[in-house]
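Not measured: the values here are computed from a predicted model.
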Amino acid sequence: MRAMVRLLLPLCLAAAAAPVIAQQSTPASVSVAPHARDLFERDWVLMNWALKFHDSDHDILISESEAKSAADDFRKMADTNNDGRVTPEEYRAARAFILARY
Ligand SMILES: [Ca+2]
Ligand SMILES: [Ca+2]
């Protein structure tokens, strides 16, 4: 388990840093397409949240359809100015919110 954490941590840091880089070159929104599941697979905070609230068949896996509903939910939560896009700032804020609350 500890080895797993050590392996995952750099990946999480890389994922957290990616939006910052994207922010400088393009006014990118956080992509959830074509595979909504990628959003959760690269961020354990979101994955834990998705498993808690969107794992409807309780198999401790997020299927693509479960990921879609979780991603929709996350978008609604994160898109605080309701422009239909989740900016890196909104993503970070929502992630921090999830981390603090759940
Ligand atoms: Ca499931
Ligand atoms: Ca927005």
- So, the side chain of Asp79 versus the backbone of Asp83: is there a donor-acceptor pair under 3.5 Å, distance only?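 Yes, because the side chain of Asp79 sits within donor-acceptor range (under 3.5 Å) of the backbone of Asp83.
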Donor-acceptor under 3.5 Å (Glu66 side chain, Ser56 main chain)
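Yes; at least one donor-acceptor contact below 3.5 Å.
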*Can you list the steps and then say if Ile62 with Glu41 is a side-chain contact (heavy atoms from CB on, under 4.5 Å)?*
CA-CA 9 Å; Ile62 291 296; Glu41 278 174 356; over 6 Å; no
(Q) Could you report the tightest heavy-atom contact between Ala71 and Phe40, atom names first, then the distance? (A)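 Taking every non-hydrogen atom into account, N-CZ, 3.6 Å.
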| said: Going by salt bridge (charged side-chain N to carboxylate O under 4.0 Å, His left out), name the residues that satisfy it together with Asp55, two or more places apart in sequence or in a different chain. | reply: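 Counting only residues at least two positions away or on another chain, Asp55 forms no salt bridge (charged side-chain N to carboxylate O under 4.0 Å, His left out).
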| query | Quick one: side chain to side chain donor-acceptor pair (under 3.5 Å) partners of Ser69, sequence neighbours excluded? | reply |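 Here the qualifying residues are His54.
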Looking at [atom1] of [X] and [atom2] of [Y], how far apart are the two atoms once the value is rounded to the nearest 0.5 Å?
X	Y	atom1	atom2	value
Lys52	Tyr102	NZ	OH	8.5 Å
Glu64	Asp38	CD	CG	7.5 Å
Leu61	Met47	CG	CE	8.0 Å

For Phe74 and Leu39, what are the C-alpha separation, side-chain angles and deciding distance, and is it a side-chain contact (heavy atoms from CB on, under 4.5 Å)? CA-CA 10 Å; Phe74 178 74; Leu39 176 70; 4.2 Å; yes
Tell me, please, which residues at least two apart from Leu99 pass side-chain contact (heavy atoms from CB on, under 4.5 Å).
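For Leu99, the residues satisfying side-chain contact (heavy atoms from CB on, under 4.5 Å) (neighbours in sequence not counted) are Trp44, Val45, Arg95.
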(request) For the residue pair Asp73 and Trp49, establish whether any side-chain heavy-atom pair is separated by less than 4.5 Å. (result)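 SC-SC contact between Asp73 and Trp49 confirmed.
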